[in-house]
Amino acid sequence: MNKLKYRLIFLMLPFIGLILRIIGRTIRWKKRYEFRKDKGKIYALWHGHALGLALYGMDRGIVVLVSRFRDGEIAARLLKELGFEVVRGSTEEGKAKKGGRSATLKLIEYLKEGKNVAITVDGPKVPLTE
């Protein structure tokens with residue numbers, strides 16, 4: 001995407017966040033899990049299911065690991081609009097600039113404080129399975 005498209009997306013994120021909040025609040029969940037009863041738990045999810053957790057878990061004090069790159073910036077800002085805390089960083093063998101180590105240490109601190117953490121276990125580059 002070019003810079004103009006990203007700027008437009010960034011400008012629209014508060015509105016998109018509001019729309020997602022409305023959708024999330026109007027969904028009739030069969031059971032509403034209370035994330036706050038958990039202390040220091042790690043929620044692992046597939047990358048393709050991230051929006052579901054975002055709608056289900058908004059405003060629950062969950063800390064989410066998000067990539068440091070441009071697409072991750074969109075996700076981070078949107079997650080903040082939905083009431084999540086965000087830690088930036090990801091891993092790739094041999095690439096320290098992605099911030100995986102510092103992000104992991106920060107997530108460990110949050111877990112020790114009793115906060116719950118969500119991570120995607122597959123990432124966006126994994127091939128689809130049948």
Side-chain angles (χ1 to χ4, degrees):
M1 268 191 229
N2 63 33
K3 288 183 180 183
L4 180 61
K5 287 182 184 177
Y6 271 101
R7 286 184 185 163
L8 182 60
I9 290 170
F10 290 139
L11 288 173
M12 293 176 52
L13 284 176
F15 177 71
I16 294 168
L18 176 64
I19 297 298
L20 287 175
R21 280 186 170 281
I22 291 168
I23 291 169
R25 297 286 184 234
T26 58
I27 293 173
R28 291 187 184 193
W29 306 99
K30 287 187 178 185
K31 287 187 177 182
R32 187 69 179 201
Y33 185 77
E34 186 50 56
F35 291 101
R36 291 176 199 234
K37 75 178 184 177
D38 291 338
K39 298 288 182 203
K41 301 291 186 209
I42 300 173
Y43 306 116
L45 59 139
W46 299 120
H47 188 265
H49 297 169
L51 181 59
L53 178 67
L55 295 178
Y56 191 76
M58 62 184 164
D59 297 321
R60 301 287 195 269
I62 300 171
V63 180
V64 182
L65 177 64
V66 178
S67 166
R68 282 190 174 178
F69 294 98
R70 192 170 17 183
D71 290 342
E73 183 64 26
I74 293 169
R77 289 185 186 195
L78 188 57
L79 286 165
K80 288 178 183 178
E81 290 285 333
L82 296 176
F84 290 86
E85 291 185 55
V86 175
V87 171
R88 302 295 299 276
S90 56
T91 61
E92 188 171 326
E93 192 173 334
K95 294 192 178 181
K97 69 179 180 181
K98 289 193 167 202
R101 178 174 158 66
S102 60
T104 301
L105 294 173
K106 188 67 177 169
L107 291 176
I108 291 169
E109 286 178 33
Y110 279 120
L111 289 167
K112 286 180 179 178
E113 292 171 10
K115 293 194 175 199
N116 299 317
V117 170
I119 59 170
T120 55
V121 293
D122 60 345
K125 295 183 181 180
V126 175
L128 295 175
T129 59
E130 294 181 42

Backbone of I62 reached by a side-chain donor or acceptor of N116 within 3.5 Å: no
Single-linkage hydrophobic cluster, 4.5 Å side-chain cutoff, L4 and M12 together: no
Common cluster, L11/I19, ILVMFWY with side-chain heavy-atom separation under 4.5 Å: no
Electrostatic pair R88-E73, nearest N-O below 4.0 angstrom: yes
Electrostatic pair R25:D59 at N-O distance under 4.0 angstrom: yes
Backbone N/O of K5 and side chain of R7: donor-acceptor pair under 3.5 Å: no
Y110 six-ring centre to K106 NZ/CZ under 6.0 Å and within 45° of normal: yes
Single-linkage hydrophobic cluster, 4.5 Å side-chain cutoff, L105 and V64 together: no
Flag side-chain contact, heavy atom, 4.5 Å: L20 against L51: yes
Check: Y33 main-chain N/O paired with Y56 side-chain donor or acceptor under 3.5 Å: yes
Beyond-backbone contact of V63 with Y43, side-chain heavy atoms, under 4.5 angstrom: no
Shared hydrophobic cluster for I22 and I27 (ILVMFWY, side-chain gaps under 4.5 Å): no
Residues I119, L107; criterion side chain to side chain contact (heavy atoms under 4.5 Å, CB included); working and verdict: CA-CA 10 Å; I119 59 170; L107 291 176; 4.3 Å; yes
